[in-house]
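See structure below.
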Amino acid sequence: FSRDKDLDEATLEELEEELLAADVAPRLAAEVIAALDKARRGGNRSRRDVLKQVLIDQLAQTTPFTFSQLPPNACLLIVGVNGSGKTTTTAKLAHLALEEGIDPLMGAADTFRAAGSDQLRIWAEMVGCEVVAGKQGSDAAAVAYDALDACIARNRDLVVIDTAGRMHNKAPLMDELKKIVRSLNKRVPEAPQETWIVLDATIGQNALMQARFFNETIPLTGIVITKLDGSSKAGCLFSIKKELDVPIVFTGLGERKEDLVPFEAEAFVDGLLG
Amino acid sequence: HLSNSLQKTFKNLRGYGKLSEKNVTDALREIRLALLEADVHFQVVKDFIRQVKEKALGQEVLASVSPGQQFTKCVQDELTELLGRDHKAFDLSANPTMIMMLGLHGAGKTTTTGKLAAKFSRAGRKVLLVACDIRRPAAVEQLNVLAGQVGVDVVNPNPGESVPELGMRARDRAMTQGYNLVIFDTGGRFQVDDELVRELEELRDMVNPQNTVLVVDAAMGQESVNVAQTFHERVNLTGLILTKLDGDARGGAALSIQSVVGVPIHLVGVGEKTEDLEDFHPDRLASRILG
Ligand SMILES: Nc1nc2c(ncn2[C@@H]2O[C@H](COP(=O)(O)OP(=O)(O)OP(=O)(O)O)[C@@H](O)[C@H]2O)c(=O)[nH]1
Ligand SMILES: Nc1nc2c(ncn2[C@@H]2O[C@H](COP(=O)(O)OP(=O)(O)OP(=O)(O)O)[C@@H](O)[C@H]2O)c(=O)[nH]1
Ligand SMILES: [Mg+2]
Ligand SMILES: [Mg+2]
């Protein structure tokens, strides 16, 4: 019987290519594969099954996120590069909060992009919650402040603040992000209690750069990985977890308000290695 | 930095004779890693390394440059040639000329449509934009704001109208009202979403665009090949626009798509404003990919 097992056993090269094809960082993929047969230690699990467990262990997290863990009038700041899915995720989070009996407010602090706040305004109607926005071109930090202030004044449980997309290699834009945080600190010293970066699953190795630079600018407390309903596998998450150890909180699986699920390591690795 | 690590690999080689097989194999290991880390598709990297090995082994080591520099130049020239060989501009011969924009969610289609509108109006064309994203909240508004900034007209969807119907109506309007360039902005979609890809096929059949442009984020990962290949098979791409090159992504997706699908890169997006659209320079992208 062990003869048959060898015949359908994937080769180390095949498995490494599967990891590369999934956007796992090349050096990390090589390390994991090099250690694979040792990890198997002559047991009779297939290489693929051992690899799956190794990868699941790398992403395993202690406690899943719940809105109820947040203090009253909590502030959740949503950041990331252009087009990653921040505005859509902001709306999905407001929807999820409502489902959990939490009363949310949204803040449309993207005052730069064409129809940036219009997009969130329409989402607010679809989700059934209020949104605080500012005039096009107004100060993003001021709108963020107003949103948190409104959250407190209207006695809402949570404010989710959407920000404009920005390239992490643009110092003035990263400075603006710091300014937004300082502005929130002025209203509530502990705000934002959560700062989540939205990463697009279709992006390759640059995702690590994004997470690293954003984290150096304003400390991240969570990662949302979007567009995992496409053919990309977001293998970049392994090196991000390894280097930054920021929890991966949610996964975006579509364009509707319901399409956001808690990140789960086993489901993620099963999707990656098939 | 790749050229520095290659310098180390070659530092014991003196300037006589051919590059040895060992020198080249060691250097190729560095190159392979650099290309994979730049998001070049792993199969494209395999083929490229094999190609470069043959070329490099045949070369005489020149006395005037270090072997590391010479090898880097050999690789860079190969990359530049791969990236630039299918260069073609837009087909602007028809009146009205049609450009259909497509791509994954958030790649930059709507913003790039605004940039193309600016570029072509500056060149004296009468441009008409068509807001074919009937799904994303405020997508139509977004295109209209850009159109207003640039000073061009937009055809907006009627309630209940399908994308192909909108396309047909826009084409008729362009022909009867003297527009000579029409750009169709479509909603983001995955190449594996059959229903949405069929919508693109139907729009293409209605409108018969001379130009079908895939808009690709420069930071795209390994799926660049599957995405481009599938879209090419289904709607026949005539060109590519690479966006967000003002970020720090290396841009290997462009090489992957070029090698496998062979669609020319028309232009590159280098920022969020309507003027942030530049010509594509294969040599610049080659050295960026190499890092
Ligand atoms: N399929 C799919 N599409 C998504 C997901 N998340 C976001 N999108 C789509 O991605 C595109 C960009 O989403 P946005 O929410 O506008 O992204 P953003 O980060 O706010 O973009 P900017 O504000 O311009 O930086 C839209 O077409 C969304 O519908 C997801 O999980 N799955
Ligand atoms: N920095 C930078 N940002 C860009 C570039 N091109 C587009 N963007 C930004 O990327 C984000 C997404 O752009 P959109 O034009 O909305 O993308 P899209 O492909 O139309 O998105 P969907 O319609 O949702 O699929 C916006 O924040 C744009 O401002 C570019 O070349 N550089
Ligand atoms: Mg947004
Ligand atoms: Mg769009």
Side-chain angles (χ1 to χ4, degrees), chain A residues 16-27 29-30 81-88 91 112-126 136 164-170 173 200-210 213 226-227 229-236 255, chain B residues 32-43 45-46 104-111 114 135-149 187-193 217-227 230 243-244 246-253 271-272 274:
Chain A
E16 182 168 358
E17 291 188 341
E18 264 182 68
L19 293 183
L20 292 177
D23 287 317
V24 174
R27 286 174 210 265
V81 303
N82 305 74
S84 64
K86 297 175 294 301
T87 304
T88 309
F112 172 75
R113 207 207 67 210
S117 51
D118 292 324
Q119 188 182 358
L120 200 62
R121 271 187 239 259
I122 294 174
W123 268 116
E125 288 172 32
M126 299 199 292
Q136 185 74 17
R166 69 201 66 231
M167 289 296 166
H168 52 279
N169 61 336
K170 297 198 174 163
L173 299 184
D200 179 340
T202 68
I203 299 306
Q205 299 311 305
N206 197 249
L208 173 60
M209 305 286 273
Q210 295 174 18
F213 280 82
T226 61
K227 310 179 197 173
D229 48 316
S231 57
S232 295
K233 308 285 186 179
C236 59
E255 301 188 71
Chain B
R32 173 182 175 273
L33 213 50
L35 293 177
L36 288 173
E37 289 176 339
D39 298 317
V40 181
H41 191 270
F42 76 90
Q43 190 58 49
V45 174
K46 253 182 167 172
L104 299 183
H105 314 84
K109 298 173 293 300
T110 304
T111 306
R135 269 169 219 97
R136 170 173 150 162
V140 173
E141 285 88 324
Q142 185 186 3
L143 189 65
N144 277 272
V145 168
L146 295 174
Q149 289 173 1
R189 70 204 64 216
F190 291 122
Q191 82 285 8
V192 288
D193 188 328
D217 189 320
M220 194 172 179
Q222 296 279 311
E223 279 300 291
S224 58
V225 168
N226 286 334
V227 170
T230 304
T243 62
K244 307 179 201 174
D246 49 314
D248 60 11
R250 301 263 288 276
E272 296 193 70
T274 51

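Each chain gets a letter, A, B and so on, in the order the sequences are listed, and its residues count up from 1.
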Counting only heavy atoms closer than 4.5 Å, note whether [X] contacts chain A via side chain, backbone, both or neither.
| X | result |
| --- | --- |
| B:Q191 | side chain |
| B:L104 | side chain |
| B:D248 | both |
| B:E37 | both |
| B:D246 | both |
| B:R136 | side chain |

Sort [X] into side chain, backbone, both or neither according to what part of it lies under 4.5 angstrom from a heavy atom of chain B.
| X | result |
| --- | --- |
| A:K170 | side chain |
| A:E255 | side chain |
| A:R121 | neither |
| A:N82 | both |
| A:E125 | neither |

Please identify, among A:A29, A:G83, A:A25, the residue contributing the most non-hydrogen atom pairs under 4.5 Å to chain B.
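Ranked by contacts with chain B, first place is A:G83.
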
Please rank A:D118, A:D229, A:V81, A:T88 by heavy-atom pairs under 4.5 Å with chain B and give me the top one.
A:D229

Report the distance from atom [atom1] of [X] to atom [atom2] of [Y], rounding to the nearest 0.5 Å.
| X | Y | atom1 | atom2 | result |
| --- | --- | --- | --- | --- |
| A:T226 | A:I203 | OG1 | CD1 | 9.0 Å |
| A:K227 | A:S232 | NZ | OG | 10.0 Å |
| A:T87 | A:R113 | OG1 | CZ | 6.0 Å |
| A:E17 | B:Q222 | CD | CD | 10.0 Å |
| B:M220 | A:D23 | CE | CG | 8.5 Å |
| B:E272 | A:M167 | CD | CE | 7.5 Å |

Could you tell me whether B:R135 atom CZ has more than 12 heavy atoms of other residues or ligands within 6.0 Å of it?
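Above 12, so yes.
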
Which one of [options] has the most heavy-atom pairs closer than 4.5 Å to chain A?
| options | result |
| --- | --- |
| B:G108, B:A249, B:P137 | B:P137 |
| B:Q43, B:R32, B:E141, B:Q142 | B:Q142 |
| B:H41, B:R189, B:K46 | B:K46 |

State, to 0.1 Å, how close A:C236 and A:G204 come at their nearest heavy-atom pair, and which atoms those are.
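Where A:C236 meets A:G204 most closely, the heavy atoms are CB-O, 4.1 Å.
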
By side-chain contact (heavy atoms from CB on, under 4.5 Å) - contacts of B:A34 (at least two apart):
B:L2, B:R250

Can you tell me if B:T243 uses its side chain to pair, donor with acceptor, with the backbone of B:A107 under 3.5 Å?
yes

